Protein chains: 2
Amino acid sequence: MPDETEILIGFVLFSGFTGLDLIGPHEILARLGAKCVLVANNLEPVATPHGVRVLPDLTFSTCPQLHVLVVPGGPGQEQAMYNEELISFVARQSAKSRWTASVCTGALLLARAGLLMQRHATTHWLAMDELHRLGAIPTNKRVVWEDPVVTAAGVSAGIDMALQLASALAGQQAAQRIQLAIEYDPEPPFDAGSPDKAPKEVVDHLRSTSRFARQEV
Amino acid sequence: MPDETEILIGFVLFSGFTGLDLIGPHEILARLGAKCVLVANNLEPVATPHGVRVLPDLTFSTCPQLHVLVVPGGPGQEQAMYNEELISFVARQSAKSRWTASVCTGALLLARAGLLMQRHATTHWLAMDELHRLGAIPTNKRVVWEDPVVTAAGVSAGIDMALQLASALAGQQAAQRIQLAIEYDPEPPFDAGSPDKAPKEVVDHLRSTSRFARQEV
């Protein structure tokens, strides 16, 4: 692995990606001094489901080989499964990258690209069955390392994953500096961040309204 | 306060804002169903220090009255202190908004706009002295409520603040649904997220290299 300032880290963008899936890891990995680029089908703005429009830096066809690839999830993941340029980019890059990582339902895109067959992985808790259907071994952990693939659970888990990646790339002290710089000493106001902990009615509501539930009816 | 779907929440953008200061709260507050808009001097892309380019939705002069205003921080805060359009926008909006909130060194912009004189507030741990110099009463908490102003500590604290705001806007169960939807059940790989907890050499390194330290020499 080259010096941190020569590491190239790419983040895949697609319409309907979840903003925090991208920016959580980006905030951490960019602070390593690594060069971070956003990669999409073309250079037009790409919007999150909530209307934040982000400009890509490179296209899938012009992006050089990356050292680390990060694939976010989000409602747009469903359409992205049929985005052949995106899927072949992930497959091609991952063949030579040191790590290929996903956040949330980005894991389903890694599975679609053939990276998770009979391999341990995690995703958003509502998408675990779908991950299984795609050939992976769903693993109920916040971050799953199955070198060279690293998968994180839903949305905010990308922050924890990126700190682990930062440590793997540049050492524990570099990762701790970043953690302190972003003052990541979480104090969630409720203990409702996983289906094991949240009130039953909260879990039931999300289960019954999720796009994964809707697919089954 | 109107129904959630009629709530208008604005996020201030300026060159050099920290990406996670924006996207952490945005990810949470947008999931309320509130309309979220990004507001800047003009409609040109605005870049984070790490080169993520985001498109504003509205300008300071065309943005209607907001119910909630969120001001991120970041290295660009220093220049933004002299951005008269931005500062007067914050002052004008906050006079009628239900809440005005900041993340990280966004609190220094609130102070510059006259919102924190002799009021309790927090900011990034490295900026506490600067917050004091600007007339506020620095308060070592992750989120400080001094109605109608809410301030959060460094970067990632915006997530905790936004969940509290979501609860205040739409009730505890709505906030818990969002927490579960973003699977916010943090597992930081190190216990280095505050200067009280991080190894001394990590704290010393950040202290000696921070822009606030550099200002003093």
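Model, not experiment: these values are computed from the prediction.
Among the residues in residues 17-26 of chain B, those with a non-hydrogen atom closer than 4.5 angstrom to a non-hydrogen atom of chain A are Thr18(B), Gly19(B), Leu20(B), Ile23(B), Gly24(B), His26(B). For residues 41-49 of chain A, heavy-atom neighbours of chain B at less than 4.5 Å comprise Pro45(A), sorted by residue number. Residues of residues 189-204 of chain B that come within less than 4.5 angstrom of chain A, heavy atom to heavy atom, are Pro189(B), Phe190(B), Asp191(B), Ala192(B), Gly193(B), Ser194(B), Pro195(B), Lys197(B), Ala198(B), Pro199(B), Glu201(B), Val202(B), Val203(B) in numerical order.
When heavy atoms are compared at a cutoff of 4.5 Å, Ile178(A) does not approach chain B at all. Of the two parts of Leu38(A), only the side chain, counted from C-beta on, holds a non-hydrogen atom closer than 4.5 Å to a non-hydrogen atom of chain B.
In this structure, His124(B) contributes its side chain and Ala181(A) its backbone to a donor-acceptor pair below 3.5 Å. The closest donor-acceptor contact from the side chain of Glu183(A) to the backbone of Trp125(B) lies under 3.5 Å.
Among the candidates Gln164(A), Gln172(A), Glu187(A), Arg31(A), the residue making the largest number of heavy-atom pairs closer than 4.5 Å to chain B is Glu187(A). Looking only at heavy-atom pairs under 4.5 Å with chain A, the residue among Met161(B), Lys35(B), Gln173(B) that has the most is Gln173(B). In terms of non-hydrogen atom pairs under 4.5 Å with chain A, the most contact-rich of Leu163(B), Val143(B), Ile159(B) is Leu163(B). Between chain B and the residues Leu206(A), Asp160(A), Val54(A), the largest count of heavy-atom pairs under 4.5 Å involves Asp160(A). Each of Ala153(A), Gly51(A), Gly154(A) has some count of heavy-atom pairs under 4.5 Å with chain B, and the biggest count is that of Gly154(A).
Atom SG of residue Cys104(B) and atom CD1 of residue Ile182(A) lie 10.0 Å apart, to the nearest 0.5 angstrom.
Among residues two or more places apart in sequence or in another chain, the salt bridge (charged side-chain N to carboxylate O under 4.0 Å, His left out) test is passed with Arg53(A) by Asp57(B).
At a threshold of 4.5 Å between non-hydrogen side-chain atoms, the residues His50(A) and Cys36(B) do not count as touching. Two residues are said to be in side-chain contact when any heavy atoms from C-beta on lie closer than 4.5 Å; Pro186(B) and Ser156(A) fail this criterion.
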